[in-house]
Visitor: 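Structure below; questions to follow.
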Amino acid sequence: MKKTEKLRELFKGNRVIRIAGAHDGLSAKLVECNGLDGIWASGLEISTSYAVPDANILTMSQYLERACEMNDAVEIPIITDCDTGYGNVNNVIHMVRKYEAAGIAAVCIEDKLFPKVNSYVPGRQELASIAEFVGKIMAAKSAQMDKNFMVIARVEALIAGWGMEEALKRAINYADAGADAILIHSKADNPKEIREFCQRWDERVPLVVVPTTYPMLGLKEMGKLSIKMVIYANHGIRASIKAMNNVFSEIARSEDLTTISDSIVSMDDVFNLQGMRQLKELERLFLKKDANSVKVIIPAAGDPRYESSLEGVVRDCPIAMLDINGKPILQRNVDTLNKIGIFDITVITGYNSHKFTVENVNYIENKNFRNTSQIDSIIMAGEKLDHNIILAFSDVLFEKEIIQRLLETKSDIVLTIDSHIVRNSKATDYVEAESFSANGARKISPSKLNKILKASKSMNPEEANFEFIGLAYFSKNGVDILKKSYSRIRKKFGNNSATRVDFFDVIRDIIDSGVVVSGLEVNGGWIEIRSLENYKLAHSIF
Ligand code: SPV
Ligand code: MG
């Protein structure tokens, strides 16, 4: 709903509309947070915040800029104090066009002469003639495009000391000229004259009051007096001046900051008001830095019945599509990658390729999956390999933190390794790394990379000090090394596709060629679904 409509709806309601003065995004936000109906973009508050008199010292565009700032910060409507309209009818027309286009719900103009002085300042309070001000109202109403945009006419006759009859006469003329509401202003220290005005008002348009000097006039009585809107015009800035003064004087007086902690809000409160949480959420969704330049390759072609003890569970389902409490493993991993801004994900399918229904990933089919292995599938990713890549084996569920840490590494080839090794499984990808980490002794994984000396499924388990978890990072250069090594090995086997070349065969070849393969140590944060036990465990985790 447009803010002009929102304000109209409030005017249609049967209670007193309560709006409060503000001067910038923050103060507007605080008005909104406290459940008030709208914002009074107060000339007094805006001038005060510039530390200049409320006397048309600032220009229309300065007021407008602040009104926009407030409007952007809140969902509730803004009613702007536009003083006398910044000049004559032409200025009023220009003003209405600008404010309406900016999404402001209403403007309020007062029947004084430019340059006005704040109504509470003793001395000169010069009124415009009725004719002149009627012309301004008509000009304002003629300029608006949106029928719901409101023009409020402010009667200053009581402020200028011209008496009740003059005030009523003016109000009637302004209403008849098209004003959508009358703001009857008073600086009396009690509500007597406001009561009288309201009682004598024939309700041809709604009334608005500003009870700054007569705070004893309560909401109930306002309702009885048929007052439609109350403006608490300047209490926000007056409260903040007092609060800031107290804190600054205490800072000036005291040695340290301990005595002021109860007088200030937490930094968290500040961040919440700024919208920092939303910023972080948007960064997560759209900030495509390093994570975006990475492509993820998931080889998922294999027939699970050959490789796992899950035969009874998987039936004809590729492991990647195995359901873990309502979501396939692949979907869970895609969600995890998306969360950290990685969207370019390529899955190499093979066995029961048609079972892959996860959306927003690229699929490449390895039709020869029965005679090939993971590394052949990886190589089939083709042009996707012309980038930094993350390799994620399809039967591993991982936490996003592992991927984030992988992306932070600087090395060309990084295997993620865990010192918690399952030594009795023939499927374990054993790794021997340079610096040994005693099983379970380390709680925090170091960011320093370990150097991998040996990687093999057939290694003596006692020699291994880590297990490869099925997640690896290859920089663009690392991918080139991987590809070269792959073709070297393939050449060695005379391109006989019947010879299975394992991913680890390639890693071993890379190490043997003198290239450093690094190990990123993790302690958990992943689970490989290769046994019934792990499958059940995954169900209990997710
Ligand atoms: C303002 O807030 O700038 C007003 C209302 O015009 S008052 O200061 O009460 O006159
Ligand atoms: Mg004002």
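Everything quoted here is computed from the prediction, not taken from an experiment. Each residue takes its place number in the sequence, starting with 1. Both counts, for ligands and for their atoms, begin at 1 and track the order of listing.
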Visitor: Check this for me, if you would: do Arg405 and Glu401 make a salt bridge, where the nitrogen-to-carboxylate-oxygen distance has to be below 4.0 angstrom?
Guide: no

Visitor: Is there a polar contact between ligand 1 and His185, counting only N or O atoms under 3.5 Å apart?
Guide: yes

Visitor: Less than 3.5 Å between some nitrogen or oxygen of Asn234 and one of ligand 1, yes or no?
Guide: no

Visitor: In terms of atom number and element, which parts of ligand 1 are under 4.0 angstrom from non-hydrogen atoms of Ser42?
Guide: 1 (C), 2 (O), 3 (O)

Visitor: To which protein heavy atom is atom 5 (C) of ligand 1 closest, and what is the distance rounded to 0.1 Å?
Guide: Arg154 NH1, 3.9 Å

Visitor: Identify, by name, the N, O or S atom of Asp81 lying closest to the Mg ion (ligand 2).
Guide: OD2

Visitor: Among all protein non-hydrogen atoms, which one is nearest to atom 8 (O) of ligand 1, and what is the separation to 0.1 Å?
Guide: Asn118 ND2, 3.0 Å

Visitor: Donor-acceptor pair, distance only, cut-off 3.5 Å: does the side chain of Glu250 make one with the backbone of Thr259?
Guide: no

Visitor: Can you pull out the closest protein heavy atom to atom 9 (O) of ligand 1? Residue, atom name and distance to 0.1 Å, please.
Guide: Tyr120 CE1, 2.9 Å

Visitor: For Ser119 and Arg154, which I'm curious about, is there any donor-acceptor pair between the side chains at under 3.5 Å?
Guide: yes

Visitor: Return yes if a side-chain donor-acceptor contact under 3.5 Å exists between Tyr120 and Thr212, otherwise no.
Guide: yes

Visitor: Looking at Leu168, is its backbone amide N or carbonyl O close enough to the side chain of Arg200 to form a donor-acceptor pair, meaning the two atoms are under 3.5 Å apart?
Guide: no

Visitor: Using a 4.0 Å heavy-atom cut-off, which part of Ile231 comes near ligand 1: side chain, backbone, both, or neither?
Guide: neither

Visitor: Run the numbers for me: atoms of ligand 1, each under 4.0 Å from some heavy atom of Ser119, listed by number.
Guide: 10 (O)

Visitor: Can a donor-acceptor pair be found, under 3.5 Å and without considering hydrogens, that links the side chain of Asn91 to the backbone of Asn88?
Guide: yes

Visitor: Where on Asp81 is there a heavy atom closer than 4.0 Å to ligand 1, on the side chain, on the backbone, on both, or on neither?
Guide: side chain

Visitor: Going by distance alone, is a donor N or O of one side chain under 3.5 Å from an acceptor N or O of the other, for Asp412 and Ser475?
Guide: yes

Visitor: Considering the heavy atoms of Val210, write down every atom of ligand 1 situated less than 4.0 Å from one of them.
Guide: 9 (O)

Visitor: Give a yes or no on whether a salt bridge exists between Arg8 and Asp180, defined as a side-chain N under 4.0 angstrom from a carboxylate O.
Guide: yes

